[in-house]
Amino acid sequence: EARTELEQTQQRLLSEAITAIETHASEVDGLEITDSAPESGAALGSGDGNAILETLALDSTQAIVDGTEFDEFASS
């Protein structure tokens, strides 16, 4: 039961992180989230380099990786 609760909490936090990134992208010029996988906490974005790097300031952003790695993160 504790494991299930932990997994549910983890899923909620990952989903909230994606929502925060998507909200940020909608408020910033030059940044678009083109795909996301809330269940794994991965988002695929495109846009201006500075706008992308600014997402690192968000608590919800842990890393920025190359777009070719999105599928790997999304499926994990």
Side-chain angles (χ1 to χ4, degrees):
E1 186 173 308
R3 183 181 180 107
T4 300
E5 187 176 324
L6 176 65
E7 289 173 355
Q8 289 173 342
T9 299
Q10 182 180 24
Q11 283 302 136
R12 179 180 54 79
L13 292 172
L14 290 171
S15 182
E16 288 173 1
I18 294 300
T19 298
I21 291 170
E22 290 173 335
T23 300
H24 173 75
S26 71
E27 297 170 349
V28 173
D29 289 335
L31 180 60
E32 178 184 8
I33 301 302
T34 57
D35 198 0
S36 66
E39 64 280 357
S40 63
L44 181 63
S46 64
D48 177 66
N50 288 331
I52 292 171
L53 289 176
E54 286 175 7
T55 62
L56 284 173
L58 300 175
D59 289 338
S60 56
T61 304
Q62 298 300 309
I64 295 177
V65 297
D66 188 81
T68 59
E69 297 179 46
F70 175 76
D71 289 336
E72 181 181 336
F73 280 97
S75 65
S76 59

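Note that the structure is a prediction, hence the values are computed from the model and not measured.
- Looking at Ser15, its side chain never comes within 3.5 Å of a backbone N or O of Pro38 through a donor-acceptor pair.
- The line from CD1 of Ile21 to NE2 of His24 is 9.0 Å long, rounded to the nearest 0.5 Å.
- Ser40 places a side-chain N or O within donor-acceptor distance of the main-chain N or O of Phe73, the cut-off being under 3.5 Å.
- The backbone N or O of Asp59 sits less than 3.5 Å from a side-chain atom of Gln62, completing a donor-acceptor pair.
- Leu44 contributes atom CG, which lies 10.0 Å from atom OG1 of Thr68 (distance to the nearest 0.5 angstrom).
- Expressed to the nearest 0.5 Å, how far OG1 of Thr61 lies from CG of Leu53 amounts to 11.0 Å.
- The CD1 atom of Ile52 sits 10.5 Å away from the CD atom of Glu32 when rounded to the nearest 0.5 Å.
- For the atom pair CD1 of Ile64 and CG of Leu56, the computed distance is 3.5 Å after rounding to the nearest 0.5 Å.
- Between the OG1 atom of Thr19 and the CG atom of Leu14 there is a distance of 11.0 Å, given to the nearest 0.5 Å.
- In plain terms, the two heavy atoms of Glu39 and Ala74 that are nearest each other are OE2-O, 4.1 Å.
- Other residues, nucleotides and ligands place no more than 12 heavy atoms under 6.0 Å from the CD atom of Glu5.
- Between Thr34 and Ser46 the shortest heavy-atom distance is CG2-OG, 3.7 Å.
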